[in-house]
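Input: a single structure, listed below in structure tokens.
Hydrogens, waters and symmetry mates play no part in the numbers below; they use all other heavy atoms, side chains included.
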Amino acid sequence: MAALTIRSMNPVNREKLNILRRSLRQGPVFITTHDNPDPDALASGKAMRQLITGTWGIPTSLYYNGLVGRAENRAMLGLLTPEWRLFDNTRDLSMDFSAAVFVDCQPGTRTSLPLEPDFPLIVIDHHSSPEGQTRQLAYADIRPQVGSTVTMAFQYLEAAHVNIDPILATAMFYGLRADTNGLSKGATADDGIAYVKLLERLDHQALLRIESAGLAREYYWAFAQGIQNARVYGKTINAHLGEMHRPDLAAELADLLFRYESVHAALCSGVYDHVLHFSVRTGLLDQDAGLLVSKVIFPPGSAGGHGLMAGGQLPLKGKNVGELVSTLERRFLESVGETGIAESLLSG
């Protein structure tokens, strides 16, 4: 059988590569992503490090804030992307680095990393830019139409003729698949091309170890609590988890509840480390999750998202959790136009 040949127009060309390389200056370069990074973020950062350090010889460091909590994500961090390190928030970036690269996020959105005023910033991201963003970027490639930042990173590696080894290919493949739900959510032709090309190079045994990572007892307890608290409002479902042992449990529960028949939107929330974390899922064709969550969030919270998935945080700061959850849920229901009467998911 003849080998599969896929041809496409790569939007990353030699000129863009040269501009990016000049923007990085002499190095070392600080590569970071959003708090509590997901597989797309972890893989994209590793891929950009391969380009910047492996190909261009510019030193880099990978740093993140928060937790890598989901079992599969922890397995991925340990097995495929161990280069990532937790960041010390007291550190002055401008003293140690020549520039910072943000992957799968943008300065001021979903990241708590401090930024020096004149520090050169580079962004590679598939999320929409936040309203009121005034920070001048040294280099920006922001493409909300793309389903995964991994796809964008793949195009940079391909344009620079970088060899993608099996471990990097596995990380990128898993990140792309997770962010697009196997190309079923918000994926484009570019995502599909990257998916197939990475599939040819990955380590299938390593991928199996990631996908079959063990789950702790707390995971099942939290889900039982969330399902018990879930309420259906017409075609919308809401659930509050209470205290969580890791911040991304709300996102996992949102993925599950969104599959409830006839539901077209889901909101799940929970408290971790004095912060109310929440996740939104939507199947409404006229409601991008990132735009939807921007209507739901209120000061001093922050939020962001893309396509069918979004999320955010609201610091508690002595405020009543119940009141915050009620306000969040009310704004969510208003934003999706839902007027149904609350009904327990487990009723009947």
### Task
Give a yes or no on whether the backbone of Ile58 and the side-chain of Thr53 come within a donor-acceptor separation of less than 3.5 Å.
yes
## Note on the structure
Across all chains, not counting sequence neighbours, the side chain to side chain contact (heavy atoms under 4.5 Å, CB included) partners of Glu323 are Asn320
### Atom of Leu292, atom of Ser335 and distance for their closest heavy-atom approach
CD1-CB, 3.5 Å
### Task
Would you please say whether a donor-acceptor pair under 3.5 Å links the side chains of His34 and Asn65?
no
#### Entry: Exam field: side chain Asp125 to backbone Val103, donor-acceptor pair closer than 3.5 Å
no
### Task
Carefully, step by step, assess Leu17 and Trp56 under the rule side chain to side chain contact (heavy atoms under 4.5 Å, CB included).
CA-CA 11 Å; Leu17 288 173; Trp56 293 340; 4.1 Å; yes
### Task
For residues Ile31 and Ile52, determine if any side-chain heavy atom of one lies less than 4.5 Å from a side-chain heavy atom of the other.
yes
### Query
Is the backbone N or O of Thr188 less than 3.5 Å from a side-chain atom of Asp191, with the two atoms forming a donor-acceptor pair by type?
yes
### Message
Is there a continuous path of hydrophobic side-chain contacts, each under 4.5 Å between heavy atoms, that joins Ile341 to Val232?
### Response
no
### Query
Under 4.5 Å between any side-chain heavy atoms of Tyr174 and Val150, yes or no?
no
### Task
Before accepting this row, confirm whether a basic side-chain N of the pair Arg70/Asp255 lies closer than 4.0 Å to the acidic partner's carboxylate O.
yes
### Message
Donor-acceptor pair, distance only, cut-off 3.5 Å: does the side chain of Ser184 make one with the backbone of Asn181?
### Response
yes
#### Entry: Partners passing salt bridge (charged side-chain N to carboxylate O under 4.0 Å, His left out) against Asp141 (at least two apart in sequence or in another chain)
Arg143
### Message
Do Thr151 and Thr180 have side chains that approach each other closer than 4.5 Å (heavy atoms only, starting at C-beta)?
### Response
no
### Task
Could you state whether Phe173 and Leu208 fall into the same hydrophobic cluster, counting links through intermediate Ile, Leu, Val, Met, Phe, Trp or Tyr residues with side-chain heavy atoms under 4.5 angstrom apart?
no
### Query
Do Val275 and Leu316 touch side chain to side chain, with heavy atoms closer than 4.5 Å?
no
### Exam field: side chain Lys197 to backbone Gly192, donor-acceptor pair closer than 3.5 Å
no
### Query
Where the side chain of Thr33 meets the backbone of Asp104, is there a donor-acceptor pair that is under 3.5 Å apart?
no
### Message
Could you see if Leu346 belongs to whatever hydrophobic cluster contains Phe223? Use Ile, Leu, Val, Met, Phe, Trp, Tyr and a side-chain cutoff under 4.5 Å.
### Response
yes
### Query
Is any side-chain N of the basic residue among Glu83 and Lys46 closer than 4.0 Å to the acidic one's carboxylate O?
yes
### Query
At their closest point, which heavy atom of Gln50 faces which heavy atom of Asn163, and how far apart are they?
NE2-O, 4.5 Å
### Message
When you compare the side chain of Leu157 with that of Leu168, does any pair of heavy atoms fall below 4.5 Å?
### Response
yes
### Task
Kindly give the heavy-atom pair with the smallest separation between Val68 and Pro37, and that separation in Å.
CG2-CG, 3.8 Å
### Query
How would you list all residue pairs meeting side chain to side chain donor-acceptor pair (under 3.5 Å) that involve residues 240-249, not counting sequence neighbours?
His240-Ser269, Arg246-Asp248, Arg246-Glu252
### Query
Can you name the closest pair of heavy atoms from Ala265 and Phe258 and give their distance?
N-CE1, 3.9 Å
### Message
Which residue in the set Val12, Thr55, Val162 passes side chain to side chain contact (heavy atoms under 4.5 Å, CB included) when paired with Tyr156?
### Response
Val12
### Query
Is the Tyr64-Phe87 ring centre distance short of 6.0 angstrom?
no
### Message
Under a 3.5 Å distance rule, please check whether Arg25 uses its side chain to pair with a backbone N or O of Ala99 as donor and acceptor.
### Response
no
### Message
With a 3.5 Å distance limit and no angle check, can you tell me whether His126 reaches the backbone of Val146 through a side-chain donor-acceptor pair?
### Response
yes
### Message
Could you check whether any side-chain heavy atom of Ser148 comes within less than 4.5 Å of a side-chain heavy atom of Asp40, counting everything from C-beta outward?
### Response
yes
### Task
Look at the side chain of Gln106 and the backbone N and O of His127, then say whether any donor-acceptor pair between them is shorter than 3.5 Å.
yes
### Query
Which of these passes side chain to side chain contact (heavy atoms under 4.5 Å, CB included) with Leu67: Asn36, Asn73, Asp273, Leu86?
Asn36
### Task
Considering non-hydrogen atoms only, spot the tightest contact between Ala213 and Ala75 and give its length.
CB-CB, 3.9 Å
### Message
With a 4.5 Å cut-off on side-chain heavy atoms, are Thr60 and Pro28 touching?
### Response
no
### Query
Between the main-chain N or O of Gly322 and the side-chain N or O of Ser326, is there a donor-acceptor pair closer than 3.5 Å?
yes
### Task
Answer yes or no: does atom CD of Gln26 have more than 12 heavy-atom neighbours from other residues, nucleotides or ligands under 6.0 Å?
yes
### Query
Side chains of Ser98 and Val29: closer than 4.5 Å at any heavy-atom pair?
yes
### Query
What closest approach, in Å, do Ile124 and Thr149 show between heavy atoms, and which atom pair accounts for it?
O-CG2, 3.5 Å
